[in-house]
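Report on the structure given below.
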Amino acid sequence: AVRQKNDTNRQKLQSYTDLSPGDLVVHVHHGIGRFVGIERIRLDGVEKDYIKIAYAGNDSLYIPATQLDLVAKYIGGGEDEDGNPRVKLSKLGGGDWSRTKSRAKAAAKDLAKGLIALYAERKRRPGFAFSPDSPWQREFEDAFDYAETDDQLRAIEEIKKDMESPEPMDRLLCGDVGYGKTEVALRAAMKCILDGKQAAILVPTTVLAQQHYSTSLARFGSFPVRIEMISRFRTPAERKRVLESTAEGRVDLLIGTHSLLQKKMRFKDLGLLIIDEEQRFGVTHKERLRELARQVDTLTLTATPIPRTLNMALSGLRDMSTLDMPPEGRRPVQTYVLEHSWDVVVDAIRRELGRGGQVYYLHNRVHDSNYGMGIDACAAKLKQFLGEDVRLAVAHGQQSKEELESVMQDMVSGDIQVLVCTTIIETGIDIPNVNTLIVDNAQCMGLAQLHQLRGRIGRSSRRAYAYMTYPRNRELTEVAEKRLAAIREYAEFGAGFRVAMRDLEIRGAGNLLGPEQSGYMMTVGYDMYLQLLEEAILEERGEKKPRRSDTTADLTVSANLPESYIPSPEQRLDVYRRIAALQTQEDSRDLFDELLDRYGEPPKSVIALMDVALLRTAAAEVGVRDITQRDRNVTFTFGDGFPVEAVMRLCSSHRNRRRLTLSAGTEPKLTMKLEKDEDVLKSAHELINELHIR
């Protein structure tokens, strides 16, 4: 049985700490603004925290912190090189935002229709139901040298269940760099091969094909499985032989780059197609892939994080498994961001070589130019510093296939100690003995790319070190500074999923949903777009939309998170957001326990905050759009679905005749007069409950 994993409280409480003053945010009703900060304001004798958001012109909006769930960080077009947003701030009170939102909603609806049709068509096609696990399968799995993580076990279970069903599998396996996706994929391949069918692994680069080939040969070593590789590293004669053997069924597992997609490629009986990093293949390749995968079980591996929101939006359309846990014994990579200094570089390399390890020195310029030296000159300079006895080599994409293959093989076997290379090492190459990475001109690279590169080291239980360097005396752009700060900040595990929030989500979603949808995503921001998509999918399938409390509540209640209770402003903001999003008593109890565990006994004002959140959710269900208190009057404003009869009955009951006043109109309002010292939260809850019952 697979244990349910629990996030640690620390991770949970850090889930939103990256919203800082100056960031762009999206408010459900008011659009895109700039987050200014939290301000504590005293009103009607009570202190409350408000979130200040600046909009176009000099307009500002103060939102009670109890409604922080209506605000999300804007992830979309990002900023240009001067740090200016590529998206305009919304105007408060204009109709532009609702028009933008409507256009994005229509696009999401179209996409939902297409996705549902595609999925339904796939489900209608007959596939092959694989047999349950055999003793050989168990023997293969027991031969794995490491302890599987709970996530790996869960993913394997989900994949096998799909394979044993007669419908063709279409599963996406998402996991951060180095989280063990390959082992999960190889177990699926073994299951396929044991039923007499062929499996294929399709990869975007030759280096990665070589890596998968070596891993598979080692992993299947003691089993009679025939493995072949087809890539530009192979001679035309070898390729011809592999093609013939595959067509005749003499190859069990074929690993290849897009050569696998050539018209001449024929399988005798393909049962499973594993695609690594699908987004790196072009449109024509994807079309060919669709043909190939029509009735074949397909497993797609990706390190592009698929955050929970996208997972929810697509659940039921594409099956997903995620690996969020690092393998046991793995330690985060110690990351330094610093000015380039040959002294520091040489010292770092010597220290790694001193413990018997190997080093990647990443220099992403192949030829000399006005902007700096080429890779060979850089290697020569390093050699000069390190001395003749250090075995150093160069690898880049412009080398011949034989040269590149030979260098990579020497690196894998440990004959090379320092590899001076370009980003050719970025995808998938796995050498556990390389535990120091030095990146030259790191300011020129994207955050996702830096994270991907860092994932090439720290793949053993040894502590690994990454040095992200930028030129001396060079002024960095604000964007480059932010990027380098983020890569240092997100050095811990699962950082890929956090780096994603910074840089990758829009691209990850763009890859999965297509470029035309990315445009709409930019206009309303990532979170809002996925919310619209999720609703469109549920609507298309005739299911109920998820409960979302858009109800606002502004009560004269001391409901806040005191600084004395949670001193860090970032964590206070995160807890505010999580309290605002509470939906059930059970959620509330869980969060209460977590706060108790983390910060000690919550004060009364924190419990009042939770009560306000639950009141908003309950009020939304009976059609209340807003609850506002002025002195001893509490006004409930109704939106769509005004429960006329229930309200009329409530007003006419003997107890409420003097207490409740109903004013009709386009937005009916119900006003409740409070007694002196009456508990407003308790009374508002009771009134909403009565409307529920009626």
Side-chain angles (χ1 to χ4, degrees), residues 177 205-208 333-353 357-388 390-401 403-412 415-429 431 433-458 464-474 476-477 480 483-484 487-488:
V177 182
T205 68
T206 313
V207 171
L208 190 53
V333 175
Q334 185 83 48
T335 306
Y336 301 99
V337 175
L338 68 165
E339 275 191 340
H340 190 280
S341 145
W342 285 110
D343 289 347
V344 172
V345 164
V346 171
D347 183 49
I349 294 175
R350 285 200 191 288
R351 228 171 319 161
E352 185 58 65
L353 301 186
Q358 292 160 282
V359 177
Y360 287 135
Y361 186 97
L362 196 130
H363 183 86
N364 215 20
R365 191 170 289 119
V366 176
H367 302 294
D368 290 330
S369 68
N370 300 335
Y371 299 106
M373 59 179 152
I375 197 164
D376 291 324
C378 175
K381 196 167 178 106
L382 256 181
K383 187 86 173 153
Q384 200 183 319
F385 282 121
L386 292 167
E388 285 306 309
V390 170
R391 300 185 302 281
L392 182 144
V394 170
H396 57 78
Q398 291 176 31
Q399 289 170 323
S400 73
K401 57 184 182 183
E403 207 179 342
L404 192 55
E405 185 174 29
S406 151
V407 168
M408 285 307 183
Q409 280 309 112
D410 288 349
M411 191 70 189
V412 170
D415 294 339
I416 293 169
Q417 292 172 293
V418 180
L419 184 66
V420 182
C421 54
T422 59
T423 51
I424 193 159
I425 60 158
E426 182 185 346
T427 320
I429 184 141
I431 308 174
N433 197 36
V434 182
N435 282 305
T436 291
L437 163 73
I438 295 151
V439 180
D440 226 338
N441 285 308
Q443 80 285 355
C444 298
M445 292 184 195
L447 185 55
Q449 195 175 29
L450 288 173
H451 177 67
Q452 195 79 5
L453 288 164
R454 182 172 59 187
R456 301 291 76 169
I457 60 170
Y465 300 91
Y467 298 82
M468 307 292 176
T469 74
Y470 53 90
R472 273 179 178 279
N473 310 319
R474 163 85 65 86
L476 298 181
T477 65
R483 213 182 281 144
L484 291 175
I487 197 79
R488 185 203 292 120

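All residue numbers in this chain count up from 1 along the given sequence.
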query: Just how far is it from atom CG of Leu453 to atom CG of Leu362, taken to the nearest 0.5 Å?
result: 5.5 Å
message: Please report the interatomic distance CG(Asn435) to CD(Gln358), rounded to the nearest 0.5 Å.
response: 9.5 Å
- prompt: Can you name the nearest heavy-atom pair linking Glu339 to Asn473, along with the distance?
  reply: OE2-N, 3.5 Å
field: Closest non-hydrogen atom pair between Val439 and Leu450, with its separation
entry: CG1-CD2, 4.3 Å
field: Qualifying salt bridge (Lys or Arg N to Asp or Glu O under 4.0 Å) pairs with a residue from residues 433-442, counting only residues at least two apart or across chains
entry: none
- prompt: Step by step, would you call Leu392 with Leu386 a side chain to side chain contact (heavy atoms under 4.5 Å, CB included)?
  reply: CA-CA 9 Å; Leu392 182 144; Leu386 292 167; 4.3 Å; yes
query: Is there side-chain contact between Arg474 and Tyr470, with heavy atoms separated by less than 4.5 Å?
result: no
query: What distance do Cys421 atom SG and Tyr361 atom OH have between them, rounded to the nearest 0.5 Å?
result: 11.0 Å
message: Give me the atom names and distance for the closest heavy-atom approach of Thr469 to Gln443.
response: O-OE1, 4.0 Å
task: Could you tell me the separation between the CE atom of Met411 and the CE atom of Met408, rounded to the nearest 0.5 Å?
output: 8.0 Å
field: Check against side chain to side chain contact (heavy atoms under 4.5 Å, CB included), Tyr465 and Ile457
entry: CA-CA 8 Å; Tyr465 300 91; Ile457 60 170; 5.8 Å; no
message: Under a 3.5 Å distance rule, please check whether Gln399 uses its side chain to pair with a backbone N or O of Val394 as donor and acceptor.
response: yes
Contacts of type ring pair (Phe, Tyr, Trp, His ring centres under 6.0 Å), residue Tyr467, not counting sequence neighbours: Tyr336
Sequence-distant partners of Arg391, salt bridge (Lys or Arg N to Asp or Glu O under 4.0 Å), two or more places apart: none
- line: Taken in chain and number order and not counting sequence neighbours, the residues that satisfy side chain to side chain donor-acceptor pair (under 3.5 Å) with Glu352 are Arg355, Thr436
message: Is the shortest side-chain heavy-atom distance between Asn364 and Cys444 below 4.5 Å?
response: no
query: Less than 4.5 Å apart, any side-chain heavy atom of Leu419 and any of Asp410?
result: no
- request: Give the C-alpha distance, both sets of side-chain angles, the deciding distance and a yes or no for side chain to side chain contact (heavy atoms under 4.5 Å, CB included) between Val359 and Val434.
  value: CA-CA 5 Å; Val359 177; Val434 182; 5.7 Å; no
- prompt: Which atom pair, heavy atoms only, marks the closest approach of His396 to Leu404?
  reply: O-CD1, 3.9 Å
task: With sequence neighbours excluded, tell me which residues meet side chain to side chain donor-acceptor pair (under 3.5 Å) with Asp415.
output: Ser413
task: Check the pair Ile438 / Ile349 against side chain to side chain contact (heavy atoms under 4.5 Å, CB included), numbers first and verdict last.
output: CA-CA 9 Å; Ile438 295 151; Ile349 294 175; 3.6 Å; yes
Any donor-acceptor N/O pair, Lys383 side chain to Cys378 backbone, under 3.5 Å: no
Rounded distance (nearest 0.5 Å) linking atom CE of Met468 with atom OG1 of Thr335: 5.5 Å
statement: Sequence neighbours excluded, the answer for side chain to side chain donor-acceptor pair (under 3.5 Å) partners of Arg350 is none
- prompt: Between atom OG1 of Thr423 and atom NE2 of His363, what is the distance when rounded to the nearest 0.5 Å?
  reply: 12.0 Å
Minimum heavy-atom distance His340-Arg472, with the two atoms named: O-NE, 3.3 Å
- prompt: If you look at every heavy atom in Gly397 and Thr422, which pair is closest and at what distance?
  reply: N-OG1, 4.2 Å
